[in-house]
Visitor: 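Below is a structure I'd like to ask you about.
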Amino acid sequence: MLSHAEQDVVSSDELEQAGRAGLGVPSSAEQDWLTQVLTATDAGGRHIPQDWKASDSIRRATFRILGRAIDLHGQEGQGYEETLRSAVAFGEGMTTDPVLSAIPETAGWRGLLLRHYSVGAWRRLWAALVADIGSKDGEADRTAQELRDWLAQQAPKGSVRGLLEDLPPLKSPDGLLLPAEQELLRKGGDASMTNVWLLLVGALRSREGHLPDDVRAVFLGRQRRSAEFLDPTWVDGLIRDYSDRQVHDLAARLVDDMLAQSRRVALAKLRTDPATGGLKIFSRLHVRNERYFKTGDEGDSDIGTRIPQLGSFGRQLGLFDIRDGCHVVTASGRRILETER
């Protein structure tokens with residue numbers, strides 16, 4: 001590549017040969033080595049757990065979970081992440097499937113995918129709130145009360161207790177997790193109150209006994225020692241405080257909590273500007289004379305789980321493929337990942 005860069009003219013044949021060194025272009029030597037690293041497989045094709053480091057075990061387990069999910073749901077034609085959700089997040093697959101149930105990390109992925117709904121709901125709700133605020137030029141800047149009203153006016157009539165009774169069921173009669181989150185997103189789209197419902201579902205799932213201990217530990221965060229601002233147990237505390245009050249009161253409180261958290265995060269990032277010697281706040285939302293204004297919009301996309309990237313790696317390594325628009329596990333993928341039982 002460096003020698004070609006020194007030339008004024010490079011022939012098509014030379015470019016084609018050089019393209020083999022490009023990112024994403026399989027190379028047999030690199031492919032075999034990377035497959036061994038990512039799937040904890042030695043040069044002889046063996047899997048010896050006592051030789052693995054913790055990171056080896058986690059990488060292999062994640063590839064196996066995704067591979068098994070593709071075996072079970074790949075024919076549905078969804079992306080890698082939704083395929084994983086179909087197999088792991090809900091239903092009985094995590095405990096009854098012979099492959100998934102034998103992988104301890106499956107529980108962690110269930111906890112992560114369930115928590116992902118709450119995280120995404122907060123991001124979309126915050127982005128929608130900021131989008132309703134004007135710039136520092138004074139166009140549509142807002143008071144805190146106006147922002148409370150923005151969400152409260154979208155809330156349905158009735159009490160929080162009544163609202164909880166109208167949520168989709170979280171479990172089946174025999175205790176299986178039901179996809180209440182997916183049902184809410186399917187019915188409500190990107191409406192702000194849909195995100196409030198998702199937060200409530202996450203809060204209910206955080207209660208002791210709803211999730212197995214290993215799933216709940218990841219759902220709440222392994223390093224967590226007490227309730228954190230805006231986490232599911234925080235929202236559950238609001239449910240208990242507001243259960244007999246109107247939904248619009250809870251909506252207004254959520255706005256207050258978001259504004260307070262924004263301020264906490266901004267102050268935590270406070271730095272001295274070396275150019276001016278003054279303080280610099282890294283925030284898109286600011287308050288002046290008790291009115292909020294913004295310097296830019298907030299992103300509303302979901303935090304990445306890296307599952308699509310993992311699936312792409314798997315395809316480059318020859319573990320996965322796409323046939324007739326559906327993801328499949330290749331023969332070598334089944335052998336290396338041991339996805340069949």
Visitor: Within 45 degrees of the ring normal and closer than 6.0 Å to the centroid, is that where the cationic atom of R205 sits relative to F219?
Guide: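 Not flagged: R205 not positioned over aromatic ring of F219.
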
Visitor: Flag the pair L129 / M258 as yes when at least one side-chain heavy-atom distance between them is below 4.5 Å, and no otherwise.
Guide: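 Contact flag for L129/M258 side chains = yes.
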
Visitor: Going by atom types only, do H47 and T41 share a side-chain donor-acceptor pair under 3.5 Å?
Guide: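 Indeed, the side chains of H47 and T41 share at least one donor-acceptor pair under 3.5 Å.
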
Visitor: Salt bridge (Lys or Arg N to Asp or Glu O under 4.0 Å) with E338: which of R68, R46, R60?
Guide: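 So the option named by the test is R60.
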
Visitor: Using the rule that Ile, Leu, Val, Met, Phe, Trp and Tyr join whenever any side-chain heavy atoms are under 4.5 Å apart, tell me whether L230 and V160 fall into a single cluster.
Guide: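 Per the 4.5 Å side-chain linkage, L230 and V160 are co-clustered.
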
Visitor: Without swapping roles, check the side chain of N289 against the backbone of R291 for a donor-acceptor pair under 3.5 Å.
Guide: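 Checked: no pair found.
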
Visitor: Less than 4.0 Å between a side-chain N and a carboxylate O, is that true for D302 and R123?
Guide: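 Looking at D302 together with R123, the answer is no, because their closest N to O distance does not fall below 4.0 Å.
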
Visitor: Going by heavy atoms in the side chains, are L177 and H210 under 4.5 Å from each other?
Guide: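 They are in side-chain contact.
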
Visitor: Decide yes or no for M94 and S101: does some side-chain heavy atom of the first lie under 4.5 Å from some side-chain heavy atom of the second?
Guide: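 M94 vs S101: side chains apart.
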
Visitor: Flag the pair L337 / L66 as yes when at least one side-chain heavy-atom distance between them is below 4.5 Å, and no otherwise.
Guide: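 No, side chains not in contact.
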
Visitor: Quick check with a 6.0 Å cut-off and a 45 degree axis cone: is R264 positioned over the face of F229's six-membered ring?
Guide: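 Relative to the ring axis of F229, which defines the angle, R264 lies inside both limits.
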
Visitor: For R253, run the salt bridge (Lys or Arg N to Asp or Glu O under 4.0 Å) check against D249, D256, D257 and tell me which one passes.
Guide: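 Of the listed options, the one satisfying the test is D257.
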
Visitor: Measuring centre to centre across the rings, with the benzene-like ring taken for any Trp, is H327 within less than 6.0 Å of Y80?
Guide: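 Here the rings of Y80 and H327 have centres that are less than 6.0 Å from each other.
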
Visitor: Can you name the nearest heavy-atom pair linking T35 to I336, along with the distance?
Guide: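 Scanning both residues, the minimum pair turns out to be CG2-CD1, 3.8 Å.
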
Visitor: When you measure from the side chain of W150 to the backbone of E146, do you find a donor-acceptor pair of N or O atoms at a distance under 3.5 Å?
Guide: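 Not at all, since once roles are kept as given, no pair shorter than 3.5 Å links the two residues.
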
Visitor: So, R161 and E165, do they make that salt bridge, N to O below 4.0 Å?
Guide: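 A salt bridge is absent here (no side-chain N lies under 4.0 Å from a carboxylate O).
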
Visitor: Treating K294 as the side-chain partner and V130 as the backbone partner, does any N or O pair qualify as donor plus acceptor under 3.5 Å?
Guide: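 Here the side-chain-to-backbone pair exists.
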
Visitor: For S312 and Q309, test the side chains for any donor-to-acceptor distance below 3.5 angstrom and give the result as yes or no.
Guide: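 Their side chains do not contain a donor-acceptor pair, so the 3.5 Å distance test is not met.
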
